[in-house]
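This report concerns only the one structure given below.
Remember, it's a predicted structure, so these values are computed and weren't measured experimentally.
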Amino acid sequence: MPLALLALAVGAFGIGTTEFVMMGLLPDVADDLNISIPTAGHLVSAYALGVVIGAPLLAAATTRMSRRSVLIALMALFVLGNALSAVAPGEISLLAARFVSGLPHGAFFGVGAVVATGMVAPERKARSVSLMFLGLTVANIVGVPAATAMGQALGWRATFLGVSAIGVAAIAALVVLIPRENAPAPTTGLRGELAALRSVPVWLALGTTVAGFGALFAAYSYITPMLTDAAGFADTSVTLLLALFGVGATAGNLLGGRLADHSLRGTLFGGLASLVVVLALFPVLMRTPVTAAVSVALLGMAAFVTGSPLQLMVMEKATAAPSLASSANQAAFNLANAGGAWIGGLALAAGLGTTSPALAGAGLAVLGLGVAGAAWAVDRRRGAAAVGRERVVAGHVPEEAERVRG
């Protein structure tokens, strides 16, 4: 694998750290700015909103730039957003800074995935994407706990200065490690990129992402009360248990990348089916501390097995213009975050029990399997139609057409 993938992983590590660290710093930020914790929670939403808006917008706005330059510019915007977060004097300015920090997130992963797959042989594309995502999953094991500890010891502003430093290191790595010839400007332009989004298979792939990762976030958003109220863990143990989720996600990400290079569709179906099983078993697994800890790791593994296949499927369905579609898939991940948390919250508010969000997530994973199945059926129908056209051109009626007539 090219060393240039390391530069993408460093950027992903910084992005993953700043995305999730705010959840651990909410009490500190609320105390310092003299606001309530629910109000401080809007800072998480501001970042997610930045991702959803920034992913397609920045990908579309930079279609004439070389992808290497786009990645460097996006990481510079990331550094700016986090630096502004560190010096924000009040709630409104911090909300704006968090929004800016989220803007480059989706476009970086979207364009980065295109660059990563362009540097390797076709049979290694999924693995190249998984190595870029490795920075994101490792951030949950190392970056988020370390950044949270820094914020608690030195103040939350120090955390965002530290994340800005990671962004500067990522810029240096991008400049040094990514050759200009491996990340040229797209040849299709904005019109071609937008045309890719008119494809039904692209939208089915995006829908699979929303449903599949919505299943994850329906449960993961409420994992703390499950671990403390259902499994009986102390509050102080939750951070370590969430690191287990990161370990499972990292293992699943690497496994999914390797398997998807052999069978992209099979890996996707297998990952979604595994997610259904794990989430459906949550009410049972959460009855003892040992099985609860195992379930957290299994949740991360089952969900992130699908990460690389989903990203690669969107790119393959938009072969002529993958940058915008790939970035849109990152927006879909964040829509899944918001939608999954909302659906899990509905189950909890309905009084269905502490582990009910996991069962809601299992339902979403089943929906994801259904959408993925529809995408597979559309591909088969289009493939059969293409074979039919080739046979007609060759001078004979295809067998499929004869059977239809009969």
Is there a donor-acceptor pair under 3.5 Å between the side chain of [X] and the backbone N or O of [Y]?
{"X": "Arg68", "Y": "Val175", "result": "yes"}
{"X": "Thr306", "Y": "Ala303", "result": "yes"}
{"X": "Ser101", "Y": "Gly81", "result": "yes"}
{"X": "Gln311", "Y": "Ser326", "result": "yes"}
{"X": "Thr62", "Y": "Met65", "result": "no"}
{"X": "Thr137", "Y": "Leu134", "result": "yes"}
{"X": "Thr267", "Y": "Leu259", "result": "yes"}

Which of these, Phe13, Phe108, Phe109, sits in a ring-ring contact (aromatic ring centres under 6.0 Å, His included) with Phe133? Phe109

Quick one, [X] and [Y] - any side-chain contact, counting heavy atoms below 4.5 Å?
{"X": "Ile178", "Y": "Arg67", "value": "no"}
{"X": "Met226", "Y": "Pro357", "value": "yes"}
{"X": "Leu77", "Y": "Leu58", "value": "yes"}
{"X": "Thr117", "Y": "Met315", "value": "yes"}
{"X": "Leu71", "Y": "Leu8", "value": "yes"}
{"X": "Leu136", "Y": "Glu19", "value": "yes"}
{"X": "Leu3", "Y": "Leu6", "value": "yes"}
{"X": "Tyr47", "Y": "Phe99", "value": "no"}

What is the distance from atom [atom1] of [X] to atom [atom2] of [Y], rounded to the nearest 0.5 Å?
{"X": "Leu206", "Y": "Leu310", "atom1": "CG", "atom2": "CG", "result": "9.5 Å"}
{"X": "Leu255", "Y": "Met301", "atom1": "CG", "atom2": "CE", "result": "7.0 Å"}
{"X": "Ser128", "Y": "Met119", "atom1": "OG", "atom2": "CE", "result": "7.5 Å"}
{"X": "Trp156", "Y": "Met150", "atom1": "CH2", "atom2": "CE", "result": "14.5 Å"}
{"X": "Leu241", "Y": "Thr228", "atom1": "CG", "atom2": "OG1", "result": "10.5 Å"}
{"X": "Leu49", "Y": "Asn334", "atom1": "CG", "atom2": "CG", "result": "10.0 Å"}

Here the side-chain hydrogen bond (donor to acceptor under 3.5 Å, both in side chains) pairs for residues 7-16, sequence neighbours left out, are none

If you look at every heavy atom in [X] and [Y], which pair is closest and at what distance?
{"X": "Val21", "Y": "Ala147", "result": "CG2-CB, 3.5 Å"}
{"X": "Ala126", "Y": "Asp261", "result": "N-OD1, 2.8 Å"}
{"X": "Leu272", "Y": "Gly212", "result": "CD2-CA, 3.9 Å"}
{"X": "Ala292", "Y": "Ala231", "result": "CB-CB, 3.6 Å"}
{"X": "Gly368", "Y": "Thr208", "result": "O-CG2, 3.9 Å"}
{"X": "Leu268", "Y": "Pro309", "result": "CB-CB, 4.3 Å"}

Report the C-alpha distance between Phe304 and Phe213 in whole Å, list the side-chain angles of each, state the deciding distance to 0.1 Å, and finish with yes or no for ring-ring contact (aromatic ring centres under 6.0 Å, His included). CA-CA 9 Å; Phe304 277 86; Phe213 270 80; 5.6 Å; yes

Could you please spell out the steps behind the side-chain contact (heavy atoms from CB on, under 4.5 Å) verdict for Leu359 and Phe282? CA-CA 8 Å; Leu359 297 179; Phe282 250 56; over 6 Å; no

Should we say atom CZ of Arg157 is surrounded by more than 12 heavy atoms from elsewhere, each under 6.0 Å from it? yes

Criterion side-chain contact (heavy atoms from CB on, under 4.5 Å) on Phe333 and Asn337, from CA distance to verdict: CA-CA 6 Å; Phe333 276 118; Asn337 189 339; over 6 Å; no

Pairing donors with acceptors under 3.5 angstrom, does anything connect the side chains of Arg127 and Ser308? no

Tell me, with the steps shown, if Tyr222 and Asp229 meet side-chain contact (heavy atoms from CB on, under 4.5 Å). CA-CA 11 Å; Tyr222 305 96; Asp229 298 346; over 6 Å; no

Any residue meeting salt bridge (Lys or Arg N to Asp or Glu O under 4.0 Å) with Arg265, in chain and number order, not counting sequence neighbours: Asp379

Could you walk me through whether Asn82 and Phe78 pass side-chain contact (heavy atoms from CB on, under 4.5 Å), step by step? CA-CA 6 Å; Asn82 282 280; Phe78 170 83; 3.3 Å; yes

